[in-house]
Amino acid sequence: MRGAVIHAPGDVRFETLDDPKIVEPTDAVIRTAVTCVCGSDLWPYRGAEPVDSPHPMGHEYVGFVEEVGSAVTGLRPGQFVVGSFATSDNTCPNCRNGFQSNCLHREFMSTCQAEYVRIPNAAGTLVALDEVPDEALWPGLLANSDVMGTGWWAADAAGVRPGSTAVVVGDGAVGLCAVIAAKELGAERIIAMSRHRSRQELALAFGATDLVAERGEEGVARVRELTGGIGADSVLGCVGTAQSMQQALHSARPGGSVGFVGVPHGVAVDGQELFFSHVGLRGGPAPVRRYLPDLIERVLTGRIDPGRVFDLTLPLADVAEGYRAMDERRAIKALLKP
C-alpha cells in the first residue's frame, strides 16, 4: 500500500509501505475512506517534536472493515466504521469511567494517512454504522475521530452549561469544533479568540457570538471587558502553547473552569497562582470513544457539520501539500482521499 512518512521536519513523503496485517486477535484492518492532516501533526513537521527516524503519520480515520481478528466481536468485513485516535478495549476500569483515552491497553494511532490501517483493540475502538453513509457526510464523521471529539471534550472538561459564557482559545480545527460543542451544550455566549478572517467567519457560522483578535494579556483584557470585568464561566484551551495556556487561565472567572486539550509544549502552571485564582483545570487526551455514538448521530441527522473545517481536499498522494498548506495557514485542515 501507499502512505505518508515523515523523514525530517518539513519532509513528508508518500511512499510504498508494508500492507497492515492482523497481529493480535483483537485487531482489525480497515480500508481508508478518507483521512486528514491534524494540527498536532505540525509539531514534528515544524521541528517542535523530534523526528529521530522516518515513520508513518496520521491518527484520524474512517473506513471499511477489511478483516478482523479471531477475538473481535461486533464487527464484520464491509462495515463503515469511525474510530478514535486512541484505541481502547472499552471494558477496563478507566474505560468504564469514561476515559477510554487512558485505557489500560491504550495505543495511540499513528499510521492513518495511508490506504489501509491496522486498528488495535478494534471491538472497543471502532463504532460501526448501520449502513454506508452518503459520501457528503464522510468529512463530518472523520472530524469525529479527533477534532470534533476533542472539541467536545474541551467543552465538557470546562463545564459548559446552558446559559453559560464560554471562551474558545484557538481557531484551528479543534477550536472551531469546540465552538460547535459549546453551542450544543447550551452556552449563551461564545467568545472565539481568532485573528484570521476565514476562521472568524466559520466560528460565527458555528455559533460564536463574539470575536477577540487580541492575544496574550491584551486578549485577556478584552475578554474581561466583554464579561463585565469578571471573566468567563468556561474556557476551552485548544492550542497547547505556554501563551495560550496563560491566556486561558487568566480569561476564566473565579470559580470558572478551563478545559485544556491542546498537547502542551513548554507549558508550566504556577501552582500558587492557580491556588488563589479559584479556577478549575482539567484536560488531557480526549476520550473520543465516549462521545462517538452521540457525535455520529448528530452528524448523520445534520444537527452538526464539523466537516466544514476541511477547507482543502487533496488526493492522499498529495499529502505533503496538505502539510505545507496547513503549516503556512493557507488551510485550516486538509482532507485526504485515497
Side-chain angles (χ1 to χ4, degrees), residues 36 38-41 59-61 82-88 90 92 94-103 106 108-109 124-125 127 140-162 164 166-187 190 192-193 203 206-208 232-241 244-245 248-249 251-252 256-265 267 279-299 303-304 306-307 309 333:
C36 56
C38 183
S40 62
D41 293 330
H59 54 265
E60 298 162 281
Y61 59 97
V82 184
S84 166
F85 66 86
T87 75
S88 57
N90 215 25
C92 82
N94 291 342
C95 289
R96 293 198 301 271
N97 284 326
F99 285 85
Q100 291 93 334
S101 52
N102 223 312
C103 175
R106 174 187 68 191
F108 286 115
M109 297 300 299
T125 300
V127 176
L141 294 168
L142 174 62
N144 286 347
S145 75
D146 183 356
V147 291
M148 186 64 240
T150 297
W152 198 278
W153 166 232
D156 191 3
V160 174
R161 299 289 182 270
S164 64
V167 169
V168 178
V169 179
D171 62 359
V174 171
L176 291 167
C177 287
V179 172
I180 295 175
K183 180 176 175 61
E184 288 294 294
L185 291 173
I190 303 170
M193 305 194 85
F206 282 162
D233 303 310
S234 301
V235 182
L236 289 58
C238 303
V239 182
T241 63
S244 68
M245 177 64 89
L249 288 169
S251 294
S257 295
V258 172
F260 69 105
V261 301
V263 179
H265 287 74
V267 172
V279 170
L281 182 61
R282 167 177 268 184
V288 168
R289 181 61 181 82
R290 185 205 308 181
Y291 306 123
L292 271 182
D294 177 50
L295 293 179
I296 288 170
E297 182 64 20
R298 289 174 193 256
V299 169
R303 181 175 177 124
I304 62 174
V309 300
K333 194 165 178 66

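Worth knowing before you read on, the calculation uses all heavy atoms, side chains too, and leaves out hydrogens, waters and symmetry mates. Start at 1 with the first residue, then count along the sequence.
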*Kindly determine whether D156 and R290 satisfy side-chain contact (heavy atoms from CB on, under 4.5 Å), including the steps that lead there.*
CA-CA 12 Å; D156 191 3; R290 185 205 308 181; 3.1 Å; yes
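- Expressed to the nearest 0.5 Å, how far NE2 of H265 lies from OG of S244 amounts to 11.0 Å.
- The main-chain N or O of C103 is never found under 3.5 Å from a side-chain atom of S88 such that the two would form a donor-acceptor pair.
- Annotation: side chain to side chain contact (heavy atoms under 4.5 Å, CB included) contacts of D41 (sequence neighbours excluded): V37, C38, M57, H59, Q113, Y323.
- In this structure D294 satisfies the side-chain hydrogen bond (donor to acceptor under 3.5 Å, both in side chains) test together with R298, sequence neighbours excluded.
- Between N144 and I296 the shortest heavy-atom distance is ND2-N, 3.5 Å.
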*Going through the checks in order, is the side-chain contact (heavy atoms from CB on, under 4.5 Å) test met by F260 and L281?*
CA-CA 8 Å; F260 69 105; L281 182 61; 3.4 Å; yes
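- Side chain of S101 to backbone of P285: a donor-acceptor contact under 3.5 angstrom is found.
- Judged purely by atom type and a 3.5 angstrom limit, R289 uses its side chain to pair as donor or acceptor with the backbone of G124.
- Checked by atom type and distance alone, the side chain of N94 pairs as donor or acceptor with a backbone atom of N102 at under 3.5 Å.
- In this structure, S164 contributes its side chain and V160 its backbone to no donor-acceptor pair below 3.5 Å.
- Contact detail for V288 and S84: the closest heavy-atom pair is CB-OG, 3.6 Å.
- When all heavy atoms are compared, the tightest approach of L185 to A155 is CD1-CB, 3.6 Å.
- What you find for A192 and V179 is that their closest heavy atoms are CB-CG2, 4.5 Å.
- Side chain of W152 to main chain of L292: no donor-acceptor pair is present (N/O by atom type, distance under 3.5 Å, no hydrogens or angles).
- The minimum heavy-atom distance between V147 and A173, with the atom names listed, is CG1-CB, 3.9 Å.
- Two residues are said to be in side-chain contact when any heavy atoms from C-beta on lie closer than 4.5 Å; S257 and R282 fail this criterion.
- The OG atom of S145 lies 5.0 Å from the CD atom of E60; values are rounded to the nearest 0.5 Å.
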_side-chain contact (heavy atoms from CB on, under 4.5 Å) between L236 and V167, worked out_ = CA-CA 6 Å; L236 289 58; V167 169; over 6 Å; no
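- Listed here is the closest heavy atom pair of T125 and A86: CG2-O, 4.4 Å.
- Between Y291 and Q100 the shortest side-chain heavy-atom distance does not fall below 4.5 Å.
- Counting only heavy atoms from C-beta outward, the side chains of K183 and I190 approach each other to under 4.5 Å.
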*Does the side-chain contact (heavy atoms from CB on, under 4.5 Å) test come out yes or no for F206 and E184, once each step is laid out?*
CA-CA 10 Å; F206 282 162; E184 288 294 294; over 6 Å; no
